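Okay, so here's the structure we're looking at.
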Amino acid sequence: MKTFLFLTVVLTSSPLFAQLPATTPEAAGMDAGRLGVMHATIERFVHDGNAAGAITLVARDGKTVDLFATGYRDLEKKLPMQRDTICRIYSMSKIVTAVAVLALWEDGKFNLDDSVSDYLPELKDLKVMTGGTADAPQLEPAKRPITIHHLLTHTSGFGYDFDGGDATQELYRRANLWSGVELDGFIKKVATLPLHHQPGDAYTYGINFDILGALIERVSGERFDAFLQKRIFDPLSMRDTGFSVPEAKGERLAKTYKHGPDGKLVEAEPIIRVRPESGASLESGGGGLFSTADDYARFAEMLLEGGALDGRRIIGRKTVELMCANHLASLPQPLPAVMPGKGFGYGVEVTTDIGRGDVPASAGQFGWYGAATTYCQIDPHERLVAIALFQHFPFNEHHIFAKFATGYYQAVK
């Protein structure tokens, strides 16, 4: 049996990176012993070989209540998961991109019902695939333009190039979307692709937030990474978040693992070619960011506090309310059946009916996840932020998120 490191991190401040203030579980209205049950669940999960390591963080009322790390960020070198370990957060990047778009919207740069082709003219005259094959597609014109709202809610008709085998996704794969590093080049490729359905008719998870990254560049006149640094990362003191990992921080980066043919954990190739070297990858607004538990907790806490943290306002309170509203209520099936009781806002899943779920939750809770089994949920009712960073493919393979959610909620008094 493999031996894994079991580590409980002491909640003290560090001059090396920004953290939320720390408090005790009792002062935050949580039960320390019951949080220990959650720790045992995560540690057992890692010890059994389901993941190489994990970091979890729970905050309440703006203070970190619990920070737990176990296992390894690098199995081969036996480097442990630690509080400052840098992880690929993949689609948790989408919430960051949504906030950046909404900040520009607050600046009066566009309306959310504007056609995206007003700013990215390459995306005019798109077609919808109605049948045929990748070699002989059957297409019809889009009946309406794709709006910024459609992109923010995954209702544009754009999909992804993985997790499927239909003819439309084959065309996406052939476009080799992730081979370049410039967003202008990415948009030129996107302009050649058909939509899965008419804009606004359905929810299809896809490359919408990568397109929004290009929109931010065009409208702001700045590189996407520079805009995020100026408007979000610097004001929130998110010192370890970005599209690359500086060489000086390289040893803190976690590897991503999967199960090999023999069931043992082996290092996995990153999806969408997310590389840590500066300038090596597309600045993917949908999945390209690296971050830490503490950095992302500050971002999540900003949203919980209505768009501001430590006196630095990122977006307005009413904007956060709009972001976290369910914008898909009129669709016949807003989200896949595997996500019961959920709606979708701007870049975030929104809990609408806790009775349809199978884990504790609150109505109005919101957040999102990442492909390497990463998790963020923000609960305004309980004033709670919960983050889990595994680095494992495929996504949530062993259903650890339900156990994590049950673990932290059962500790709330």
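All values derive from a computational prediction rather than experimental measurement. Numbering of residues begins at 1 and proceeds along the displayed sequence.
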Given the options Arg218, Lys189, Lys188, Glu122 meets salt bridge (charged side-chain N to carboxylate O under 4.0 Å, His left out) only with Arg218
*Decide yes or no for Trp178 and Ile207: does some side-chain heavy atom of the first lie under 4.5 Å from some side-chain heavy atom of the second?*
yes
Are a donor atom and an acceptor atom from the side chains of Gln365 and Glu382 found within less than 3.5 Å of each other?
no
Next item on the list: Verify whether the ring centers belonging to Phe404 and Phe401 lie closer than 6.0 Å.
Entry: no
Sorted by chain and residue number, the salt bridge (Lys or Arg N to Asp or Glu O under 4.0 Å) partners of Glu217 (sequence neighbours excluded) come out as none
In terms of side-chain geometry, is the basic nitrogen of Glu251 or Lys77 positioned less than 4.0 Å from the acidic oxygen of its partner?
-> no
task: Taking the side chain as every heavy atom from C-beta outward, state whether Ser93 and Phe209 have any atom pair closer than 4.5 Å.
output: no
d(Ser117 OG, Leu126 CG) to nearest 0.5 Å is 8.0 Å
Any Lys/Arg nitrogen of Arg239 or Asp84 sitting under 4.0 Å from an Asp/Glu carboxylate oxygen of the other?
no
Pair Tyr90 + Phe393: ring centers closer than 6.0 Å
yes
- Message: Ring-plane angle category for Tyr205 and His154, please: parallel below 30°, perpendicular beyond 60°, tilted otherwise.
- Response: tilted
Heavy-atom donor-acceptor pair, Arg298 side chain to Met238 backbone, under 3.5 Å: no
Under a plain distance cut-off of 3.5 Å, with no hydrogens placed, do Asp379 and Tyr409 share a side-chain donor-acceptor pair? yes
Salt-bridge criterion met for Glu305 and Arg313 (N-O under 4.0 Å) = no
Can Asp240 and Arg252 be said to form a salt bridge (Lys or Arg N to Asp or Glu O under 4.0 Å), step by step? CA-CA 10 Å; Asp240 290 324; Arg252 291 165 49 197; 2.5 Å; yes
**Item:** Charged N-O contact under 4.0 Å between Lys109 and Asp114
**Value:** no
query: Has the side chain of Thr130 got a donor or acceptor atom that lies under 3.5 Å from a matching backbone atom of Gln138?
result: yes
